[in-house]
Amino acid sequence: MKKILAILLTTAMVVSMAACGDNSGSNSGNNAGNNAGNNGGTTNENGGGADNTTSGGGSGDITIWVADNVVEFTQEQVNVFMAAHPEYAGYTVTIESVGEGDAAGNMVTDVLGGADIYAFAQDQLSRLVSANALMELTNDYASFVETSNDAGAVGAAKMGNAVYAFPITSDNGYFLYYDSSVVTDPTSLDAILADCEAAGKSFYFQITSGWYTPAFFFPLGCELTYETNEEGKFVSSNISYASDAGVSALKAIIEMKKSPAFVDGSSVGSATNAAAIVSGTWDAGAAKDLYGDNYACAKLPTFTVDGKTTQMGGFGGFKLIGVKPQTDVDKALVCLELAKWLSGEEVQLARYQAVGWGPSNLNAQQNEAVQSDEALSALAEQLAFTIPQGQYPDGYWQLTESLGGSIVAGDYDSYDDAQLLGVLQEFQTTCESYAQ
């Protein structure tokens, strides 16, 4: 097997030498990594207990980038992995503090000089793939990702049908916090607003934010996504807000705004007299303080417009861990197995217990401690109705804030469908201009 892999790797390296550009080594690395993934031995579900007869050998240095608050945790987990894999004793693993928000920029700037394994936010995936900074996961590795994690996290790790990373969290998105003594039916927006109105309480939803308003547009079939090149430049867009579906979404937002209970906002700590508020896990502590014994969480409610009831959707956020293409098949295998271990059930659960990161692993999500976390449970349910947030230009966020401000001000309260379509056409045209 090693001879076969060596021949394949040598062939790949010859092809690489004929290539040009800063990322010329990446294609050979992908071949090496895929050969390791397809032909090398695999371990148990979480990456421990290696079969020493099917993989091992080699030596070298492996660098891992993770956020500062999990450096120590990651080192502990790497130590566990290496202790279980004496056949990898020739490798020295170094953990460095590079946050998920910075890792992608560093990698696309210098792929060869970047980390071998690194964590990153899902909105950087396309940029990293374009820069050949991620090894495609195939066969057992791809299957591990697709069968072990929730649907949102799996989608975040893929481009088309190809899997490029191992999910490690599923904990960034928004859902409903509410006062259970006021809100009797958290599944319906109309019911929530009615309960809040009857109690003289407020319902908070931030219309002036491009993060929250897709909760109405996306589930009705509207699209608003961008593609970037390896430099992070926006080169194309796919936007369909200027449509009948978009008009329906905008009408639903306007009707919500008309409720006397409505308040534009999403910060629990800044909310006053709020019986319900749409926010994320970062606000769980403040929500517990606000509602006390009446603290409750749920997925987002349904909304009704033009006689059709639809479940709210929106954005989801995930952390992923990827492997840089390698030119050494032995090192590629070690990196893949190590990344798999760091993304597995055992480590995800331990990471939740250590720093509170919500697991993407389906089994870890069923753990009693995770299940008893009301905020994470609500988010996990909501993420089934979201799409992974991609990269968006600054102009998008500013434009949606302006659109939301006009809605809050009542500028469109008396508009008919044709006029609302005109508003959305102008919005869409401007959004499209950011990628020209």
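As a basis for the values below, the full set of heavy atoms in this structure was taken, side chains included, without hydrogen atoms, waters or symmetry mates. This chain uses plain numbering: 1 for the first residue, then up along the sequence.
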Distance flag, aromatic centroids of [Y] and [X], threshold under 6.0 Å:
{"X": "Phe205", "Y": "Phe262", "result": "no"}
{"X": "Tyr434", "Y": "Tyr396", "result": "no"}
{"X": "Trp65", "Y": "Phe120", "result": "no"}

Output yes when a side-chain donor or acceptor of [X] lies under 3.5 Å from a complementary backbone atom of [Y], and no otherwise.
{"X": "Ser377", "Y": "Gln371", "result": "yes"}
{"X": "Tyr291", "Y": "Ser181", "result": "no"}
{"X": "Ser240", "Y": "Glu223", "result": "yes"}
{"X": "Glu401", "Y": "Thr208", "result": "no"}
{"X": "Gln419", "Y": "Asp416", "result": "yes"}
{"X": "Ser143", "Y": "Asn139", "result": "no"}
{"X": "Trp211", "Y": "Gln206", "result": "no"}
{"X": "Asp185", "Y": "Ala191", "result": "no"}
{"X": "Thr228", "Y": "Lys233", "result": "no"}
{"X": "Asn149", "Y": "Val145", "result": "yes"}

To the nearest 0.5 Å, what is the distance between [atom1] on [X] and [atom2] on [Y]?
{"X": "Ser180", "Y": "Asp293", "atom1": "OG", "atom2": "CG", "value": "9.0 Å"}
{"X": "Leu342", "Y": "Glu337", "atom1": "CG", "atom2": "CD", "value": "11.5 Å"}
{"X": "Thr63", "Y": "Ile95", "atom1": "OG1", "atom2": "CD1", "value": "8.5 Å"}
{"X": "Ile62", "Y": "Gln326", "atom1": "CD1", "atom2": "CD", "value": "7.5 Å"}
{"X": "Phe234", "Y": "Glu432", "atom1": "CZ", "atom2": "CD", "value": "14.5 Å"}
{"X": "Asn363", "Y": "Glu345", "atom1": "CG", "atom2": "CD", "value": "4.0 Å"}

Any salt bridge linking [X] with [Y]? Criterion: basic side-chain nitrogen under 4.0 Å from a carboxylate oxygen.
{"X": "Asp179", "Y": "Lys201", "value": "no"}
{"X": "Asp116", "Y": "Lys331", "value": "yes"}
{"X": "Lys257", "Y": "Asp413", "value": "yes"}

Heavy-atom pair with the smallest gap, counting every atom of [X] and [Y]:
{"X": "Ala271", "Y": "Ile277", "answer": "CB-CD1, 4.1 Å"}
{"X": "Asn361", "Y": "Gly344", "answer": "ND2-C, 4.4 Å"}
{"X": "Leu224", "Y": "Phe427", "answer": "CD1-CE2, 3.8 Å"}
{"X": "Pro186", "Y": "Tyr178", "answer": "CG-OH, 3.6 Å"}
{"X": "Phe203", "Y": "Ile192", "answer": "CD1-CG2, 3.8 Å"}
{"X": "Ala104", "Y": "Leu128", "answer": "CA-CD2, 3.8 Å"}

(request) Please assess Tyr204 against Thr272 for the test side-chain contact (heavy atoms from CB on, under 4.5 Å), listing each intermediate value before the final yes or no. (result) CA-CA 10 Å; Tyr204 278 71; Thr272 58; 3.6 Å; yes

Would you call [X] and [Y] a side-chain contact if the rule is heavy atoms closer than 4.5 Å?
{"X": "Leu336", "Y": "Leu137", "result": "yes"}
{"X": "Met159", "Y": "Leu125", "result": "yes"}
{"X": "Thr302", "Y": "Leu189", "result": "no"}
{"X": "Phe218", "Y": "Ile387", "result": "yes"}
{"X": "Lys319", "Y": "Gln122", "result": "no"}
{"X": "Tyr212", "Y": "Val278", "result": "yes"}
{"X": "Gln124", "Y": "Glu100", "result": "no"}
{"X": "Pro260", "Y": "Glu197", "result": "yes"}

(request) Check the pair Ser360 / Asp150 against side chain to side chain donor-acceptor pair (under 3.5 Å), numbers first and verdict last. (result) CA-CA 6 Å; Ser360 63; Asp150 65 53; 5.5 Å; no

Will you find, in the side chains of [X] and [Y], an N or O donor that is under 3.5 Å from an N or O acceptor?
{"X": "Thr184", "Y": "Asp195", "value": "yes"}
{"X": "Asp190", "Y": "Ser188", "value": "no"}
{"X": "Tyr118", "Y": "Asn106", "value": "no"}

(request) Report the C-alpha separation of Thr281 and Asp373 in whole Å, then their side-chain angles, then the decisive distance to 0.1 Å, and conclude whether the side-chain contact (heavy atoms from CB on, under 4.5 Å) test is met. (result) CA-CA 10 Å; Thr281 55; Asp373 188 316; over 6 Å; no

(request) For Tyr352 and Val370, run side-chain contact (heavy atoms from CB on, under 4.5 Å): C-alpha distance rounded to whole Å, both residues' side-chain angles, the deciding distance at 0.1 Å, then the answer. (result) CA-CA 8 Å; Tyr352 165 73; Val370 176; 3.7 Å; yes

(message) Show, in sequence, the C-alpha distance, side-chain angles and deciding distance for Asn79 and Gln75, and conclude whether the side chain to side chain donor-acceptor pair (under 3.5 Å) test is met.
(response) CA-CA 6 Å; Asn79 291 345; Gln75 184 64 69; 3.0 Å; yes

(request) Step by step, work out the ring-ring contact (aromatic ring centres under 6.0 Å, His included) result for Tyr177 and Phe175. (result) CA-CA 7 Å; Tyr177 289 108; Phe175 51 94; 4.8 Å; yes

(request) Take atom CG of Asn229 as the centre, draw a 6.0 Å sphere, and report whether it contains more than 12 heavy atoms from other residues, nucleotides or ligands. (result)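 Yes, CG of Asn229 has more than 12 neighbouring heavy atoms, counting only those of other groups under 6.0 Å.
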
(request) Report the residue from Gln382, Glu381, Gln311 that forms a side-chain hydrogen bond (donor to acceptor under 3.5 Å, both in side chains) with Lys299. (result)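 For Lys299, the side-chain hydrogen bond (donor to acceptor under 3.5 Å, both in side chains) test succeeds with only one of Gln382, Glu381, Gln311, which is Gln311.
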
(request) Examine Lys340 relative to Phe144 and say whether NZ or CZ is less than 6.0 Å from the centre of the six-membered ring and inside a 45° cone about the ring axis. (result) yes

(message) side-chain contact (heavy atoms from CB on, under 4.5 Å) for Ile253 and Ile207? Distances and angles first, verdict last.
(response) CA-CA 8 Å; Ile253 297 172; Ile207 292 175; 3.7 Å; yes

(request) Test Phe318 against every option in Asp123, Leu383, Val154 by the side chain to side chain contact (heavy atoms under 4.5 Å, CB included) rule and name the one that passes. (result)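 The residue from Asp123, Leu383, Val154 that satisfies side chain to side chain contact (heavy atoms under 4.5 Å, CB included) with Phe318 turns out to be Leu383.
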
(message) Against Ile407, only a single residue in Leu250, Thr213, Val423 fulfils side chain to side chain contact (heavy atoms under 4.5 Å, CB included); can you say which?
(response) Leu250

